[in-house]
Amino acid sequence: MIRNEDQFDAVIEADQRIESDDWMPEEYRKTLVRQIAQHAHSEIIGMQPEGAWITRAPSLRRKAILTAKVQDEAGHGLYLYGAAETLGVDRGDLLDLLHTKKQKYSSIFNYPTPTWADVGAIGWLVDGAAIMNQVPLCRCSYGPYGRAMVRICKEESFHQRQGFQIMLTLAQGTDAQHQMAQEALNRWWWPSIMMFGPPDTESVHNARNMAWGIKRYTNDELRQNFVDASVPQAEVLGLTVPDSDLVWNEERGHYDFGEPDWEEFARMVRGEGEMPAERIRTRLDAHNGGAWVREAAEAYAAKHEEIAA
Amino acid sequence: MSTGWPLWEVFVRARRGVNHVHFGSVHAADGETALQAARDLFTRRQEGVSMWVVKSTDVVASDPDDEGELFDPAEGKDYRFPTDYELPAEVDHM
Amino acid sequence: MAMTNAALLTHVLRHGDRALVLAQRLGEWVAHSPELEEDMALANISLDLIGQARLLYTYAGELEGEGHDEDHFAYWRGPTEFRNPLIVEQPNGDFARTIARQFLHDAYALAHWEAMRSSSDTTLAALATRAAKETAFHLRHSRGWLVRLGDGTDESHRRMQVGLDALWPFAGELAALDDEASLRESGVLTDSGVRAAFEATVSVAVVEANLVAPVPVPAATSGGGWDGNHSGHLTGLLEELQVLARAHPGASW
């Protein structure tokens, strides 16, 4: 039973789970609400760059796969909003915070998807990075979030595999397709590296979140793992990673790699440029444009109190 | 400003012979659409054969403050377990 | 025999095209729906329809016997070759218009697939068993929204009536095919009850939704999309669907 800070600390120390009816420090609750909500916002905003290619998918199989993937992303958003709601917030309020830019989403989704190969690159690299972030979260101290993450991780691995398969087919296809794939890799490599956030030296909340079991590995640890995993994958694809400083370091047993453009990262996080505005505008159009539909459902339910299934 | 659609808790039976298990929640204006939403959200990969949706406000939950009086007294009543009974070897398979 | 195959091929393509064009329209809603649960629902319907289209196109390839696969039929035919009914190529409009289109389509499609379960064509009968279940759920969803919008708020009622009025003229084409006599003779089609079932489903739901049917039942029409006579809507839809595939002839994806 957790009714005070000592009991809370003991449960965290024992690497056990905090549940929704436990006492928790207000900072813990607020941090989780923000982290879970921003994760959920990322999922639903993330539907846009890839969703744009559903109508142009170049084969029926790819059309089905991409539709299923984007549908999963809506689902992930729903699982996460559900987890956040166990902490005493309402989904509608969280969406308001997204719409008014008081809460963020992953800035990776502020990049455009000009070609089909971008869909492949997102699946391979962005979902690959997301998986690396998310697997440790399955052991997050907060039960509902960890359990949502277990479900999400199970679904996410097909996302990465289908993306890699798109890239492989392109890389091994016509010259035009191969070039399309290489250019997409050139566009998505650095943004994916930066998905893990700023360097540990500059990351403010790391220590506390790690102590609370909300974060399990540091940004730089995850980033290194990602590079180590992805470079051999690029080799299988026969594509060139756009980093001239990339080299295997025998002594460390890891790849050395170049410095990301943190200025660009800061710009993307600040939401500068046309694409962030478009992402929010699309969200708002759907949300505001759909208000009459939601209201109709409520009105009908009120009129017919007992709806039998 | 809320969406106005209430929250529903979703319970799914994975297959014949097992209990309905809590899977999570959906927002819907009524029970029929809650079932449809839960079906689309939670059973895309053949996770279930039966589903219940219950308005979250209809769930009666035990108060964590009552944990002591509700659940601690079950401790120390070893006589409820077969292991508490020593019997001659010839009949110990009981 | 050859005549039956040609008629059967046309039949199969009609329904493959019906499914694909409607799936394409639904794909346009993803990330734009009134609620996340609706993004899920419309994506689900689209996926089921893509699945039906793929099975039908694959079967069409076998019947045609020229080595064409599912993607050939989807990406390498033009608007004059498509045989979908006009209703599915109509633009999405607002959510009420989309629901009007979906409901009228689903009411017909369920009656069609239920009848096809006893088709003498084993491929179509097997597909019908699965498609009937999928379509029953689609109808549950679209009928549910027809009623909720029709009997919701004043605004939703107005929009739902406008949507129904707009799509009603296209409903008549659905259960009015009159050139499939040979398929009836061979037992491929056993659809004598389809039109009646379709009309009954529609009229009951319209009343329950507090809406007014423009005319009592959709007037049967012919010479439309089933016969390859399409509106400009299909041209634009196919351009988008096919643009990438056509930019790279012979490529694999």
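Values reported hereafter were calculated over all heavy atoms of this structure, with side chains retained and with hydrogens, waters and symmetry mates removed. Here is the naming used below: chain letters follow the sequence lines, and residue numbers restart at 1 for every chain. From a predicted model like this one, the values you see are computed outputs, not experimental measurements.
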Where along residues 53-64 of chain A does a heavy atom come under 4.5 Å of chain C, listed by residue number?
A/W53, A/I54, A/T55, A/R56, A/A57, A/P58, A/S59, A/L60, A/R61, A/R62, A/K63, A/A64
With a 4.5 angstrom heavy-atom cut-off, is it the side chain or the backbone of C/L241 that approaches chain A, or both, or neither?
both
Is there side-chain contact between C/D151 and A/H304, with at least one heavy-atom pair below 4.5 Å?
yes
Between C/D154, C/N44, C/T153, which shows the greatest number of heavy-atom pairs under 4.5 Å with chain A?
C/T153
Which of C/E37, C/E28, C/Q242 touches chain A most, by non-hydrogen pairs under 4.5 Å:
C/E37
Heavy-atom distance under 4.5 Å to chain C: side chain of A/V293, backbone, both or neither?
both
Contact origin within C/Y75 toward chain A - heavy atom pairs under 4.5 Å
side chain
Measuring heavy-atom distances to chain C, does A/M167 have an atom under 4.5 Å in its side chain, in its backbone, in both, or in neither?
neither
Among C/A23, C/A247, C/G27, C/A43, which residue forms the greatest number of heavy-atom pairs with chain A at distances under 4.5 Å?
C/A43
In Å, rounded to the nearest 0.5 Å, how long is the span from OH of A/Y300 to CG of C/N210?
10.0 Å
Taking side chain as everything from C-beta outward and backbone as N, CA, C, O, which of these in C/R246 sits under 4.5 Å from a heavy atom of chain A? Side chain, backbone, both or neither.
neither
Could you tell me whether A/R91 and C/E35 have a side-chain N and a carboxylate O separated by less than 4.0 Å?
yes
Find the one option among A/G51, A/A291, A/A68 whose heavy-atom pairs under 4.5 Å with chain C are most numerous.
A/A68
Heavy atoms only, distances under 4.5 angstrom: which of A/T282, A/T169, A/L170, A/L66 has the most pairs with chain C? Name it, please.
A/T169
Note, A/I166 side chain near C/W253 side chain (heavy atom, < 4.5 Å)
no
Step through the shown structure and confirm whether more than 12 heavy atoms of other residues, nucleotides or ligands are within 6.0 Å of CZ on A/R151.
yes
Measuring heavy-atom distances to chain A, does C/W29 have an atom under 4.5 Å in its side chain, in its backbone, in both, or in neither?
neither
What pair of heavy atoms forms the shortest contact from A/K303 to C/G152, and how long is it?
NZ-O, 3.1 Å
Between C/I99 and chain A, which part of the residue has a heavy atom less than 4.5 Å away: side chain, backbone, both or neither?
neither
Of all the heavy-atom pairs spanning C/S33 and A/A286, show the shortest one and how long it is.
O-CB, 3.6 Å
Rounded at 0.5 Å granularity, tell me how far CG in C/L42 sits from OG1 in A/T67.
11.5 Å
To the nearest 0.5 Å, atom NE2 of C/H32 lies from atom CE of A/M47 at 9.0 Å
Donor-acceptor contact below 3.5 Å, side chain A/Q177 vs main chain C/S252:
yes
Is chain A contacted by the side chain of C/A96, its backbone, both, or neither, given a heavy-atom distance below 4.5 Å?
both
Which heavy atom of C/D39 sits nearest a heavy atom of A/A74, and at what distance?
CB-CB, 4.5 Å
Between C/D69 and chain A, with a heavy-atom cut-off of 4.5 Å, which part of the residue counts as in contact: side chain, backbone, both or neither?
neither
Which distance, rounded to the nearest 0.5 Å, do you find between the CH2 of A/W292 and the CZ of C/F95?
7.5 Å
When rounded to the nearest 0.5 angstrom, what distance separates CG in C/L47 from CD in A/Q71?
5.5 Å
If we define contacts as heavy-atom pairs under 4.5 Å, which of C/V243, C/V147, C/L237 has the most with chain A?
C/V147
For chain A, find which of C/R159, C/E155, C/E70, C/H248 contributes the most heavy-atom pairs closer than 4.5 angstrom.
C/R159
